[in-house]
Amino acid sequence: MKRVRSLKGGVYTITMIVIFAALTGCHVQQKSDKLTSVPFTDVTVADEFWAPRMETNRKVTVAYDFEKCEQTGRIDNFAKAGGLMEGEFEGIYFNDSDLYKVIEGAAYSLKIHPDPELEKYVDGVIEKIAAAQWDDGYLYTFYSLPKRQPEKRWTDVRNKHELYCAGHFFEAAVAYYQTTGKRKILDVAIRLADYIDSVFGPGKKHDVPGHEEIEIGLVKLYGVTGEKRYLTLAKFFLDERGRAHGREIYGDYCQDHKPVVEQDAAVGHAVRAGYLYSGMADVAALTSDADYIKALDRIWQDVVSKKLYITGGVGARGGGESFGEDYELPNMAAYCETCAAIANAMWNHRMSLLHGDAKYIDVLERVIYNGFLSGISLSGNKFFYPNPLASDGKYQRSPWFGCACCPTNIVRFMPSLPGYAYAQQAENVYVNLFIGGSAEVKLPGNAVRLQQQTRYPWDGYVKIQIEPERSGKFAVCVRIPGWAKNIPVPSDLYKYPDTNTERISLKVNGNPVDIDLIKGYVPIRRMWQKGDTIELNLPMPIRRVVAHSKVKDDLGRTAIERGPVVYCFEGADNPKGVAKLILPPDAKLQSDYHGDLLGGIVTITGRGQIRQDDKKVEDIDVVAIPYYAWAHRGKNEMAVWLPKSAEEEN
Ligand SMILES: [Zn+2]
């Protein structure tokens with residue numbers, strides 16, 4: 001979200017192999033039938049991994065982010081714009097969006113855990129926002145201070161982010177309305193959307209937001225109001241990209257280099273891109289627009305094959321906060337903005353619903369346990385903006401940023417995570433993520449409660465108790481993660497050099513079930529009765545990972561992971577330094593759980609080597625911790641990828 005704009009985009013020559021999801025042979029889903037997620041409000045998290053993090057988000061991050069919004073004038077800007085207090089605009093022109101995202105996060109938190117005091121506080125904030133809305137519906141404090149400047153409106157749609165802010169406002173309004181039933185914020189959103197709809201569209205102003213987001217917000221607003229114009233306007237903003245209808249084209253930095261249906265590679269600013277693809281997927285889900293889906297499939301294949309970090313992070317370059325060239329995946333210089341990880345997760349979730357394919361959940365899972373989770377400290381009040389895969393010891397989480405997109409994105413994404421765990425379609429329930437707790441799934445004619453017990457991601461044993469309201473025939477489709485099938489990512493970008501031969505086991509009431517996969521799921525269709533139990537056992541050996549030979553920064557190097565968790569070596573555990581560590585291919589590694597370390601983690605230890613100045617090597621014990629948990633013990637060196645031998649460049 002930085003204001004520095006690098007408009008110089010590379011010229012991307014893309015040879016694209018379009019791989020469509022195999023849609024044949026699945027008896028649990030027809031091509032035209034999209035999945036829907038089981039809403040997060042119907043999923044209860046009760047486990048040792050996510051529950052404490054969601055509780056920290058609720059108790060610490062929500063209040064902390066609001067406090068920061070107060071301290072930095074983000075809330076006062078609305079009070080000033082609404083004539084409730086005197087003063088000038090403070091901060092960066094798109095700061096409104098940060099407050100909206102915290103309201104959205106607060107709404108999700110309130111839905112999970114009612115808190116009258118917090119709700120009262122948010123009501124007060126909404127009063128200020130409502131006061132700042134102009135009579136015609138316009139809402140954007142930067143052009144409202146020191147006085148309302150109607151002549152400035154829409155004069156710089158490319159950079160000023162009025163539409164981006166509106167999109168976040170719609171998301172916040174829908175979330176808060178759905179949680180509390182209070183219409184005030186929703187009515188402000190409707191007036192704003194109606195106003196924007198009166199300005200933009202066929203025969204009106206033709207332009208596109210420089211930063212996508214309004215498309216997602218408009219679709220959500222359509223969902224809650226049923227007002228078709230909002231969906232039409234979202235599609236208008238998408239379809240106008242890359243078309244010079246009496247306006248300047250903004251280029252690939254803004255994914256405005258060609259019409260979206262002709263796009264075939266991820267380019268430009270990574271957060272904008274992720275929001276664009278998410279918005280396209282939202283519209284495609286509602287309109288079944290085949291051209292959108294084809295374009296999304298092409299772009300997705302480009303990302304997972306050439307532009308995805310092993311942590312699930314995307315957006316390699318700091319310059320322009322953008323995607324790099326194919327296979328440009330530097331480690332220490334990796335940008336991997338937290339917001340880009342969130343956008344990547346949002347997009348992959350939507351793709352999984354469009355296609356009913358678990359490979360998208362494989363990417364989503366990689367993001368949430370690694371490149372997203374590193375963005376927030378265990379304490380819930382320190383944040384990474386970039387999430388590099390190596391550090392020389394100078395980098396740490398910060399309490400806040402002038403451009404605070406990441407802390408305010410985390411606060412809304414964390415409590416929405418349970419909504420990514422289950423999906424449904426006709427008489428099929430999909431178990432996507434392994435998170436202890438329960439889900440209430442309303443199938444046509446039956447309600448099913450699933451009770452999940454697991455110590456995932458530390459242990460691959462998952463027990464799911466099925467409790468239908470009454471006995472009935474339906475399918476429970478259990479995802480078998482890619483990592484458990486020797487496929488770290490759904491492409492050839494990363495691979496495990498050796499094969500895990502430990503068998504996955506799946507049982508119903510103690511009886512083995514064949515692992516017959518359909519799009520990454522084992523559909524177990526039967527007459528389910530109360531108390532029936534599924535047991536899944538995913539062996540979790542320590543795996544070495546190597547990157548495609550075209551990723552020059554990972555050449556001769558190995559990363560390690562266990563289950564969905566990517567590991568790193570940090571100075572705190574490797575006091576002789578990380579930069580000179582070597583992990584020989586034959587080094588024996590072992591995993592151990594430490595309940596008292598970094599919130600409870602599995603460490604990986606073994607006998608590695610350290611390179612001496614004279615190029616000799618010395619044997620040394622090495623310790624790896626989950627990547628997400630690094631940088632909690634002071635400034636530290638860190639590396640995800642270690643060379644296999646002293647000959648490799650270090
Ligand atoms: Zn950000």
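Note that ligands are numbered from 1 as they come in the structure, with each ligand's atoms numbered from 1 the same way.
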**Request:** May I have the angle between Cys406 SG and Cys339 SG with its vertex at the Zn ion (ligand 1), rounded to 10°?
**Result:** 110°
**Message:** So, of the N/O/S atoms that Glu337 has, which is the nearest one to the Zn ion (ligand 1)?
**Reply:** OE2
**Message:** Looking at Glu328 and Lys307, is there a salt bridge between them, counting it only when a charged N and a carboxylate O are closer than 4.0 Å?
**Reply:** no
**Complete:** Residues passing the side chain to side chain contact (heavy atoms under 4.5 Å, CB included) test with Ile112, sequence neighbours excluded, are Phe40, Met54, Pro415
**Request:** Please report the C-alpha distance between Trp300 and His355 in whole Å, then the side-chain angles of each, then the deciding distance to 0.1 Å, and finally whether the side chain to side chain contact (heavy atoms under 4.5 Å, CB included) criterion is met.
**Result:** CA-CA 12 Å; Trp300 183 84; His355 287 305; over 6 Å; no
**Asked** Looking at residues at least two apart in the chain, or sitting in another chain, which of them share a side chain to side chain contact (heavy atoms under 4.5 Å, CB included) with Ser278?
**Response** Ile216, Met346, Trp347, Arg350
**Message:** At less than 2.8 Å, would any N/O/S atom of Cys405, backbone or side chain, sit next to the Zn ion (ligand 1)?
**Reply:** yes
